[in-house]
Amino acid sequence: MFAGSEVFLLDNMRSGGVGCITATGNINPAAINRLYENWRGPNADALQKDITTTRGVMQKYPMMAALKRSSRISGATRIGRR
């Protein structure tokens, strides 16, 4: 089972789930992957807290607009563009 947000990733993994489907994975992939790879580790709760904080910031704004703006600020490019 996949959770519909990274906010639930750790609980989902601990309950037998296999991951999450999340829009903020486009701007925070390393942190989300770090939790996915280390969900059994001693710092899993801290990793979850970090990605939940990022999601909380993004949710203060219309999600798609926030993702696009974050991508521009970070220098990320669209597929097919250089």
Quiz item: In chain order, what residues pass the side chain to side chain donor-acceptor pair (under 3.5 Å) check against T53, with sequence neighbours excluded?
Solution: none

Practice problem: Output every pair passing salt bridge (charged side-chain N to carboxylate O under 4.0 Å, His left out) with a member in residues 19-32, not counting sequence neighbours, ordered by first then second residue. | Solution: none

Quiz item: Distance only, no hydrogens: is a donor on one side chain within 3.5 Å (strictly under) of an acceptor on the other, for T52 and E6?
Solution: no

Practice problem: Show which residues join F2 in its hydrophobic cluster (side-chain heavy-atom contacts under 4.5 Å, direct or indirect), or state none. | Solution: V18, I21

Quiz item: Which ILVMFWY residues can you reach from F8 by hopping between side chains whose heavy atoms are under 4.5 Å apart?
Solution: V7

Self-check item: Other cluster members, M1 - Ile/Leu/Val/Met/Phe/Trp/Tyr, side-chain contacts below 4.5 Å
Solution: none

Quiz prompt | Of all pairs that satisfy salt bridge (charged side-chain N to carboxylate O under 4.0 Å, His left out), the ones with a partner from residues 29-54, not counting sequence neighbours | solution = R14-D45

May I have the list of side-chain donor-acceptor pairs in residues 58-67 shorter than 3.5 Å, sequence neighbours left out?
from	atom 1	to	atom 2	distance (Å)
Q59	OE1	R55	NE	2.8

Quiz item: With no hydrogens and no angle check, is any side-chain donor or acceptor of N26 less than 3.5 Å from a backbone partner on A23?
Solution: yes

Self-check item: Other cluster members, I51 - Ile/Leu/Val/Met/Phe/Trp/Tyr, side-chain contacts below 4.5 Å
Solution: L9, L10, M13, I32, L35, Y36, W39, L47

Quiz item: Between C20 and S5, which heavy-atom pair has the shortest distance, and what is it?
Solution: CB-O, 3.9 Å

